[in-house]
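Scroll down for the structure; my scribbles are underneath it.
Note that ligands are numbered from 1 as they come in the structure, with each ligand's atoms numbered from 1 the same way. Numbers here are sequence positions counted from 1. Just so you know, these numbers come straight off a predicted model, no measurement behind them.
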Amino acid sequence: MTERSTPLNPLSLTFGEFADRFRREYGKGHDQAAAAYREFFRNSPPDFSAPKAFANMSELARKLAADLCPGLPELVTETREGALCKWGLRLGDGLMIESVVVPMTNHVTLCISSQAGCRMGCAFCETARMGLRRNLTAAEIVGQVFTAKVVRGLNIRNIVFMGMGEPLDNFDNVVQAIRVMNDDRGLAIAHRHITLSTAGRADGIRKLAALGWPNLHLAVSLNAPDDRIRSALMPVNRKYPMAALRDALSAWPLKKNGTLFVEYVLIRDVNDRPEHARQVAEYLRPLKVRLNLIPYNPRSESPFDPPSEAGVLQFRDWLVRERVFVRLRTAKGRDIMAGCGQLAGRTLSDV
Ligand code: SF4
(Lines give C-alpha, C1' and ligand atoms only; values in the text may rest on other atoms or scores of the structure.)
Protein backbone atom coordinates (compact mmCIF):
# COMPACT_ATOMS: atom_id res chain seq x y z
CA MET A 1 0.00 0.00 0.00
CA THR A 2 1.30 3.45 -0.89
CA GLU A 3 1.00 6.90 0.67
CA ARG A 4 -2.03 8.89 -0.41
CA SER A 5 -1.88 12.55 -1.31
CA THR A 6 -5.62 13.33 -1.11
CA PRO A 7 -8.23 11.28 0.76
CA LEU A 8 -9.88 8.60 -1.32
CA ASN A 9 -13.40 9.93 -1.60
CA PRO A 10 -15.69 8.06 -4.01
CA LEU A 11 -18.01 11.09 -4.05
CA SER A 12 -15.52 12.84 -6.30
CA LEU A 13 -14.52 9.88 -8.46
CA THR A 14 -16.13 7.86 -11.22
CA PHE A 15 -15.66 4.15 -10.87
CA GLY A 16 -12.83 4.12 -13.41
CA GLU A 17 -10.97 6.84 -11.49
CA PHE A 18 -11.64 5.10 -8.19
CA ALA A 19 -10.40 1.73 -9.51
CA ASP A 20 -7.14 3.35 -10.68
CA ARG A 21 -6.42 4.83 -7.30
CA PHE A 22 -7.58 1.67 -5.52
CA ARG A 23 -5.04 -0.35 -7.46
CA ARG A 24 -2.25 2.11 -6.72
CA GLU A 25 -3.06 2.59 -3.05
CA TYR A 26 -4.26 -0.85 -1.98
CA GLY A 27 -2.63 -3.03 -4.59
CA LYS A 28 -5.98 -4.70 -5.35
CA GLY A 29 -7.73 -5.27 -8.64
CA HIS A 30 -10.99 -4.56 -10.40
CA ASP A 31 -13.25 -6.94 -8.42
CA GLN A 32 -12.36 -5.53 -5.03
CA ALA A 33 -12.57 -1.97 -6.35
CA ALA A 34 -16.03 -2.65 -7.80
CA ALA A 35 -17.21 -4.23 -4.54
CA ALA A 36 -15.88 -1.32 -2.46
CA TYR A 37 -17.40 1.33 -4.76
CA ARG A 38 -20.77 -0.44 -4.82
CA GLU A 39 -20.86 -0.93 -1.08
CA PHE A 40 -19.94 2.71 -0.49
CA PHE A 41 -22.86 3.93 -2.59
CA ARG A 42 -25.32 1.35 -1.29
CA ASN A 43 -25.14 1.59 2.48
CA SER A 44 -24.41 4.33 4.95
CA PRO A 45 -22.29 3.54 6.85
CA PRO A 46 -20.85 0.93 4.47
CA ASP A 47 -19.93 -2.55 5.67
CA PHE A 48 -16.89 -3.54 3.62
CA SER A 49 -16.73 -6.96 5.25
CA ALA A 50 -20.06 -7.91 3.66
CA PRO A 51 -19.19 -8.24 -0.08
CA LYS A 52 -17.85 -11.64 -1.15
CA ALA A 53 -14.91 -9.90 -2.78
CA PHE A 54 -13.59 -9.13 0.70
CA ALA A 55 -13.87 -12.66 2.14
CA ASN A 56 -10.67 -13.32 4.13
CA MET A 57 -9.62 -9.68 3.75
CA SER A 58 -10.83 -8.34 7.07
CA GLU A 59 -7.84 -6.05 7.45
CA LEU A 60 -8.52 -4.40 4.08
CA ALA A 61 -12.22 -4.09 4.95
CA ARG A 62 -11.30 -2.36 8.22
CA LYS A 63 -8.89 -0.05 6.42
CA LEU A 64 -11.48 0.89 3.81
CA ALA A 65 -14.01 1.68 6.54
CA ALA A 66 -11.47 4.09 8.04
CA ASP A 67 -10.18 5.54 4.75
CA LEU A 68 -13.24 5.95 2.57
CA CYS A 69 -14.71 8.80 4.46
CA PRO A 70 -17.20 10.81 2.40
CA GLY A 71 -16.89 13.98 4.51
CA LEU A 72 -20.57 14.65 3.88
CA PRO A 73 -22.16 18.05 4.37
CA GLU A 74 -23.92 17.97 7.73
CA LEU A 75 -27.70 18.22 7.60
CA VAL A 76 -28.48 20.88 10.21
CA THR A 77 -31.90 22.28 9.35
CA GLU A 78 -35.03 20.86 7.78
CA THR A 79 -37.86 23.24 6.97
CA ARG A 80 -41.11 21.74 5.77
CA GLU A 81 -44.02 23.07 3.79
CA GLY A 82 -46.42 20.18 3.39
CA ALA A 83 -44.45 17.40 1.78
CA LEU A 84 -41.77 19.71 0.36
CA CYS A 85 -38.67 20.11 2.47
CA LYS A 86 -35.68 22.47 2.39
CA TRP A 87 -32.44 21.22 3.86
CA GLY A 88 -29.73 23.44 5.27
CA LEU A 89 -26.39 21.65 4.95
CA ARG A 90 -23.17 22.72 6.62
CA LEU A 91 -19.95 22.23 4.63
CA GLY A 92 -16.62 21.30 6.18
CA ASP A 93 -15.57 24.96 6.44
CA GLY A 94 -18.84 26.02 8.12
CA LEU A 95 -20.50 27.56 5.05
CA MET A 96 -24.14 26.68 4.55
CA ILE A 97 -25.81 25.48 1.37
CA GLU A 98 -29.33 24.34 0.65
CA SER A 99 -31.04 21.46 -1.12
CA VAL A 100 -34.76 21.03 -1.62
CA VAL A 101 -36.56 17.70 -1.54
CA VAL A 102 -39.61 17.80 -3.80
CA PRO A 103 -41.82 14.72 -3.54
CA MET A 104 -43.55 13.78 -6.80
CA THR A 105 -46.21 11.08 -7.22
CA ASN A 106 -43.95 8.02 -7.22
CA HIS A 107 -40.51 9.41 -6.60
CA VAL A 108 -38.56 12.38 -5.32
CA THR A 109 -36.89 15.23 -7.19
CA LEU A 110 -33.88 16.74 -5.49
CA CYS A 111 -32.91 20.34 -6.19
CA ILE A 112 -29.21 20.82 -5.45
CA SER A 113 -26.73 23.67 -5.08
CA SER A 114 -23.56 24.08 -7.11
CA GLN A 115 -22.04 27.05 -5.24
CA ALA A 116 -22.21 28.57 -1.77
CA GLY A 117 -23.86 31.83 -2.76
CA CYS A 118 -23.78 33.16 -6.31
CA ARG A 119 -22.15 36.07 -8.11
CA MET A 120 -24.71 36.44 -10.90
CA GLY A 121 -26.62 39.14 -9.04
CA CYS A 122 -30.14 38.46 -10.34
CA ALA A 123 -32.35 41.21 -8.91
CA PHE A 124 -35.19 38.88 -7.88
CA CYS A 125 -33.03 36.26 -6.21
CA GLU A 126 -32.42 35.66 -2.53
CA THR A 127 -29.11 33.85 -3.09
CA ALA A 128 -27.71 36.82 -5.04
CA ARG A 129 -27.70 38.85 -1.84
CA MET A 130 -24.99 36.62 -0.40
CA GLY A 131 -22.58 37.11 -3.27
CA LEU A 132 -20.35 34.17 -4.11
CA ARG A 133 -18.67 32.55 -1.12
CA ARG A 134 -17.05 29.75 -3.10
CA ASN A 135 -17.57 26.98 -5.62
CA LEU A 136 -18.64 23.60 -4.29
CA THR A 137 -16.32 20.70 -4.98
CA ALA A 138 -17.64 17.77 -7.01
CA ALA A 139 -17.80 15.75 -3.75
CA GLU A 140 -19.91 18.44 -2.07
CA ILE A 141 -22.32 18.48 -5.01
CA VAL A 142 -22.59 14.67 -5.13
CA GLY A 143 -22.74 14.65 -1.31
CA GLN A 144 -26.15 16.33 -1.44
CA VAL A 145 -27.49 13.50 -3.62
CA PHE A 146 -25.75 10.87 -1.50
CA THR A 147 -27.31 12.30 1.67
CA ALA A 148 -30.79 12.15 0.17
CA LYS A 149 -30.50 8.82 -1.59
CA VAL A 150 -28.19 6.71 0.55
CA VAL A 151 -28.22 8.27 4.04
CA ARG A 152 -31.94 9.15 4.02
CA GLY A 153 -33.00 6.33 1.67
CA LEU A 154 -35.21 8.60 -0.46
CA ASN A 155 -36.35 7.39 -3.85
CA ILE A 156 -34.48 10.07 -5.77
CA ARG A 157 -35.16 9.96 -9.48
CA ASN A 158 -34.59 13.46 -10.78
CA ILE A 159 -31.81 15.89 -9.99
CA VAL A 160 -32.16 19.56 -10.83
CA PHE A 161 -29.34 22.06 -10.56
CA MET A 162 -31.64 24.88 -9.49
CA GLY A 163 -30.41 25.47 -5.96
CA MET A 164 -27.83 28.00 -4.90
CA GLY A 165 -25.36 29.08 -7.54
CA GLU A 166 -24.90 29.22 -11.29
CA PRO A 167 -23.79 25.71 -12.30
CA LEU A 168 -21.94 26.89 -15.41
CA ASP A 169 -19.91 29.26 -13.24
CA ASN A 170 -18.47 26.14 -11.56
CA PHE A 171 -18.18 24.19 -14.78
CA ASP A 172 -15.47 21.61 -14.07
CA ASN A 173 -16.81 20.54 -10.68
CA VAL A 174 -20.40 20.36 -11.90
CA VAL A 175 -19.39 18.26 -14.90
CA GLN A 176 -17.36 15.93 -12.69
CA ALA A 177 -20.30 15.68 -10.25
CA ILE A 178 -22.61 14.70 -13.12
CA ARG A 179 -20.10 12.06 -14.25
CA VAL A 180 -19.95 10.61 -10.73
CA MET A 181 -23.70 10.61 -10.07
CA ASN A 182 -24.25 9.08 -13.51
CA ASP A 183 -21.92 6.11 -12.86
CA ASP A 184 -23.83 2.82 -13.00
CA ARG A 185 -21.84 1.32 -10.18
CA GLY A 186 -22.62 4.22 -7.88
CA LEU A 187 -25.70 6.46 -7.74
CA ALA A 188 -26.67 5.51 -11.30
CA ILE A 189 -28.66 8.64 -12.11
CA ALA A 190 -29.15 8.76 -15.86
CA HIS A 191 -28.54 11.97 -17.80
CA ARG A 192 -32.20 12.04 -18.79
CA HIS A 193 -33.03 12.48 -15.10
CA ILE A 194 -30.66 15.42 -14.63
CA THR A 195 -31.54 19.04 -15.45
CA LEU A 196 -28.98 21.78 -15.39
CA SER A 197 -30.44 25.25 -15.09
CA THR A 198 -28.43 28.29 -16.09
CA ALA A 199 -29.02 32.03 -15.89
CA GLY A 200 -27.63 32.23 -19.42
CA ARG A 201 -23.87 31.72 -19.52
CA ALA A 202 -23.77 31.27 -23.29
CA ASP A 203 -20.08 30.30 -23.14
CA GLY A 204 -20.85 27.53 -20.62
CA ILE A 205 -23.78 26.26 -22.68
CA ARG A 206 -21.43 25.83 -25.66
CA LYS A 207 -18.83 24.06 -23.52
CA LEU A 208 -21.47 21.76 -22.11
CA ALA A 209 -22.83 21.06 -25.59
CA ALA A 210 -19.34 20.03 -26.68
CA LEU A 211 -19.43 17.17 -24.15
CA GLY A 212 -22.06 15.48 -26.31
CA TRP A 213 -24.58 14.53 -23.62
CA PRO A 214 -27.80 14.63 -25.65
CA ASN A 215 -29.96 13.23 -22.86
CA LEU A 216 -29.01 15.83 -20.29
CA HIS A 217 -31.75 18.44 -19.89
CA LEU A 218 -30.82 22.08 -20.22
CA ALA A 219 -32.97 24.77 -18.65
CA VAL A 220 -32.45 28.50 -19.10
CA SER A 221 -33.91 31.27 -16.96
CA LEU A 222 -35.12 33.81 -19.48
CA ASN A 223 -37.42 35.98 -17.36
CA ALA A 224 -37.63 38.89 -19.77
CA PRO A 225 -38.90 39.80 -23.24
CA ASP A 226 -36.00 42.06 -24.25
CA ASP A 227 -32.42 43.00 -23.41
CA ARG A 228 -33.35 46.14 -21.50
CA ILE A 229 -35.55 44.32 -18.99
CA ARG A 230 -33.33 41.25 -18.89
CA SER A 231 -30.16 43.24 -18.20
CA ALA A 232 -31.95 45.04 -15.37
CA LEU A 233 -33.10 41.76 -13.84
CA MET A 234 -30.11 39.59 -14.72
CA PRO A 235 -26.68 41.25 -15.07
CA VAL A 236 -25.39 38.17 -16.94
CA ASN A 237 -27.36 39.52 -19.91
CA ARG A 238 -24.96 42.46 -20.26
CA LYS A 239 -22.20 40.02 -21.13
CA TYR A 240 -24.32 37.47 -22.97
CA PRO A 241 -27.29 39.33 -24.48
CA MET A 242 -30.38 37.49 -25.63
CA ALA A 243 -29.21 37.08 -29.23
CA ALA A 244 -25.96 35.44 -28.08
CA LEU A 245 -27.93 33.26 -25.69
CA ARG A 246 -30.26 32.13 -28.44
CA ASP A 247 -27.31 31.32 -30.71
CA ALA A 248 -25.85 29.09 -28.01
CA LEU A 249 -29.23 27.42 -27.41
CA SER A 250 -29.65 26.80 -31.15
CA ALA A 251 -26.37 24.88 -31.12
CA TRP A 252 -27.46 22.65 -28.21
CA PRO A 253 -27.46 19.00 -29.40
CA LEU A 254 -31.12 18.23 -28.79
CA LYS A 255 -32.03 14.64 -29.35
CA LYS A 256 -35.03 13.74 -31.49
CA ASN A 257 -38.23 14.79 -29.69
CA GLY A 258 -36.17 16.64 -27.09
CA THR A 259 -36.93 20.17 -25.94
CA LEU A 260 -35.06 22.89 -24.12
CA PHE A 261 -36.63 24.15 -20.94
CA VAL A 262 -37.07 27.87 -20.56
CA GLU A 263 -38.06 29.37 -17.23
CA TYR A 264 -39.95 32.61 -17.04
CA VAL A 265 -40.51 34.09 -13.61
CA LEU A 266 -43.50 36.37 -13.95
CA ILE A 267 -43.14 39.61 -11.99
CA ARG A 268 -45.99 42.08 -11.66
CA ASP A 269 -45.53 45.25 -13.73
CA VAL A 270 -42.07 44.17 -14.89
CA ASN A 271 -42.41 41.42 -17.50
CA ASP A 272 -46.14 40.64 -17.55
CA ARG A 273 -47.58 42.80 -20.36
CA PRO A 274 -49.29 41.38 -23.48
CA GLU A 275 -46.52 42.79 -25.68
CA HIS A 276 -43.99 40.98 -23.48
CA ALA A 277 -45.72 37.66 -24.23
CA ARG A 278 -45.55 38.45 -27.95
CA GLN A 279 -41.84 39.34 -27.74
CA VAL A 280 -41.04 36.19 -25.77
CA ALA A 281 -42.87 34.07 -28.33
CA GLU A 282 -41.02 35.79 -31.15
CA TYR A 283 -37.67 35.26 -29.44
CA LEU A 284 -38.34 31.57 -28.85
CA ARG A 285 -39.83 30.88 -32.26
CA PRO A 286 -36.66 29.32 -33.82
CA LEU A 287 -36.10 27.04 -30.80
CA LYS A 288 -37.77 23.86 -29.62
CA VAL A 289 -38.74 24.77 -26.09
CA ARG A 290 -41.11 24.16 -23.27
CA LEU A 291 -41.63 27.27 -21.21
CA ASN A 292 -42.19 26.94 -17.49
CA LEU A 293 -44.15 29.95 -16.28
CA ILE A 294 -43.40 30.58 -12.63
CA PRO A 295 -45.23 33.19 -10.56
CA TYR A 296 -42.60 35.26 -8.76
CA ASN A 297 -42.00 34.28 -5.14
CA PRO A 298 -41.05 37.48 -3.33
CA ARG A 299 -37.69 37.22 -1.57
CA SER A 300 -37.21 39.03 1.71
CA GLU A 301 -37.29 42.83 1.26
CA SER A 302 -38.05 42.36 -2.41
CA PRO A 303 -38.56 45.43 -4.60
CA PHE A 304 -40.90 43.34 -6.78
CA ASP A 305 -44.44 42.08 -6.31
CA PRO A 306 -45.84 38.69 -7.24
CA PRO A 307 -48.40 38.61 -10.05
CA SER A 308 -52.05 38.03 -9.27
CA GLU A 309 -53.47 34.62 -10.06
CA ALA A 310 -55.56 36.14 -12.83
CA GLY A 311 -52.46 37.88 -14.20
CA VAL A 312 -50.59 34.59 -14.38
CA LEU A 313 -53.42 32.82 -16.19
CA GLN A 314 -53.75 35.69 -18.60
CA PHE A 315 -50.05 35.74 -19.42
CA ARG A 316 -50.14 31.99 -19.97
CA ASP A 317 -53.08 32.42 -22.36
CA TRP A 318 -51.26 35.12 -24.31
CA LEU A 319 -48.28 32.80 -24.72
CA VAL A 320 -50.49 29.88 -25.75
CA ARG A 321 -52.16 32.11 -28.33
CA GLU A 322 -48.66 32.77 -29.72
CA ARG A 323 -48.17 28.98 -29.91
CA VAL A 324 -45.65 28.71 -27.10
CA PHE A 325 -45.70 25.36 -25.32
CA VAL A 326 -46.27 26.58 -21.73
CA ARG A 327 -46.53 24.81 -18.42
CA LEU A 328 -47.65 26.73 -15.40
CA ARG A 329 -45.62 25.87 -12.34
CA THR A 330 -47.23 26.34 -8.98
CA ALA A 331 -45.49 28.45 -6.37
CA LYS A 332 -44.64 25.34 -4.35
CA GLY A 333 -42.26 26.34 -1.64
CA ARG A 334 -43.17 30.01 -1.50
CA ASP A 335 -43.60 30.04 2.25
CA ILE A 336 -40.23 28.48 2.99
CA MET A 337 -38.35 30.56 0.41
CA ALA A 338 -37.51 27.50 -1.63
CA GLY A 339 -39.12 28.63 -4.86
CA CYS A 340 -37.07 29.47 -7.93
CA GLY A 341 -34.23 31.87 -7.21
CA GLN A 342 -34.99 31.90 -3.52
CA LEU A 343 -32.68 29.39 -1.95
CA ALA A 344 -30.66 31.61 0.22
CA GLY A 345 -28.40 32.60 2.94
CA ARG A 346 -31.27 33.02 5.35
CA THR A 347 -30.04 29.78 6.78
CA LEU A 348 -26.55 31.21 6.78
CA SER A 349 -27.45 33.93 9.20
CA ASP A 350 -29.85 31.75 11.17
CA VAL A 351 -27.33 29.08 12.15
S1 SF4 B 1 -31.23 33.21 -9.86
FE2 SF4 B 1 -29.62 31.66 -9.95
S3 SF4 B 1 -28.00 32.63 -11.18
FE4 SF4 B 1 -29.33 34.30 -10.50
S5 SF4 B 1 -28.36 35.04 -8.62
FE6 SF4 B 1 -29.90 33.50 -8.05
S7 SF4 B 1 -28.78 31.57 -7.87
FE8 SF4 B 1 -27.51 33.02 -9.04
Side-chain angles (χ1 to χ4, degrees), residues 86-89 91 95-100 102 110-136 140-141 144 159-171 173-174 177 195-205 207-208 217-224 227 229-242 244-245 248-249 261-267 270-271 291-304 306 329 331-334 336-348:
K86 183 169 77 170
W87 288 352
L89 300 152
L91 304 175
L95 283 175
M96 294 294 299
I97 55 164
E98 293 170 352
S99 309
V100 180
V102 188
L110 185 71
C111 172
I112 60 174
S113 296
S114 55
Q115 298 179 307
C118 183
R119 68 183 178 118
M120 292 294 124
C122 302
F124 51 82
C125 173
E126 183 80 5
T127 304
R129 287 149 56 96
M130 293 170 63
L132 176 66
R133 302 297 176 89
R134 69 169 172 83
N135 284 333
L136 300 192
E140 287 167 337
I141 297 168
Q144 297 167 66
I159 301 295
V160 293
F161 281 87
M162 290 186 187
M164 294 168 82
E166 161 57 56
L168 297 180
D169 203 34
N170 183 16
F171 189 89
N173 291 341
V174 165
T195 302
L196 187 147
S197 176
T198 174
R201 286 270 314 245
D203 58 335
I205 292 171
K207 261 169 83 181
L208 197 61
H217 296 292
L218 181 70
V220 177
S221 295
L222 185 65
N223 303 331
D227 280 323
I229 296 176
R230 194 161 193 272
S231 290
L233 289 176
M234 306 178 75
V236 67
N237 195 70
R238 294 172 207 156
K239 183 150 187 200
Y240 303 104
M242 287 172 67
L245 176 60
L249 293 175
F261 296 105
V262 169
E263 289 141 18
Y264 195 94
V265 176
L266 195 67
I267 307 173
V270 173
N271 60 4
L291 186 141
N292 288 323
L293 184 62
I294 306 158
Y296 173 58
N297 295 346
R299 64 163 168 78
S300 50
E301 297 161 43
S302 172
F304 305 118
R329 277 183 38 189
K332 244 185 196 174
R334 175 177 289 181
I336 61 165
M337 306 295 288
C340 176
Q342 293 190 332
L343 287 183
R346 272 161 69 95
T347 322
L348 247 184

- Query: Nearest to atom 2 (Fe) of ligand 1 by heavy atom, Gly200, Gly165, Ala123, Ser221: which?
  - Reply: Gly165
- Item | Spacing of Gln144 atom CD and Glu98 atom CD [to the nearest 0.5 Å] |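 Going from CD on Gln144 over to CD on Glu98, the span is 10.0 Å.
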- Item | Between OG on residue Ser231 and NZ on residue Lys239, distance to nearest 0.5 Å |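 Ser231 OG to Lys239 NZ: 13.5 Å, rounded to 0.5 Å.
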- Task: Give a yes or no on whether Cys122 keeps an N, O or S atom under 2.8 Å from atom 6 (Fe) of ligand 1.
- Result: no
- Query: atom 8 (Fe) of ligand 1 to Cys118: any N/O/S contact under 2.8 Å?
  - Reply: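 Looking at Cys118, which is the residue asked about, there is an N, O or S atom under 2.8 Å from atom 8 (Fe) of ligand 1.
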- Taking the side chain as every heavy atom from C-beta outward, state whether Tyr296 and Val270 have any atom pair closer than 4.5 Å. no
- Is any side-chain heavy atom of Met234 closer than 4.5 Å to a side-chain heavy atom of Met120?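 The answer is no, as the side chains (C-beta and beyond) never meet within the 4.5 Å cut-off.
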- Message: So if I count the atoms of ligand 1 from 1 in the order they appear, which ones are less than 4.0 Å from some heavy atom of Ala199?
- Response: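 Every atom of ligand 1 under 4.0 Å from some heavy atom of Ala199: 3 (S).
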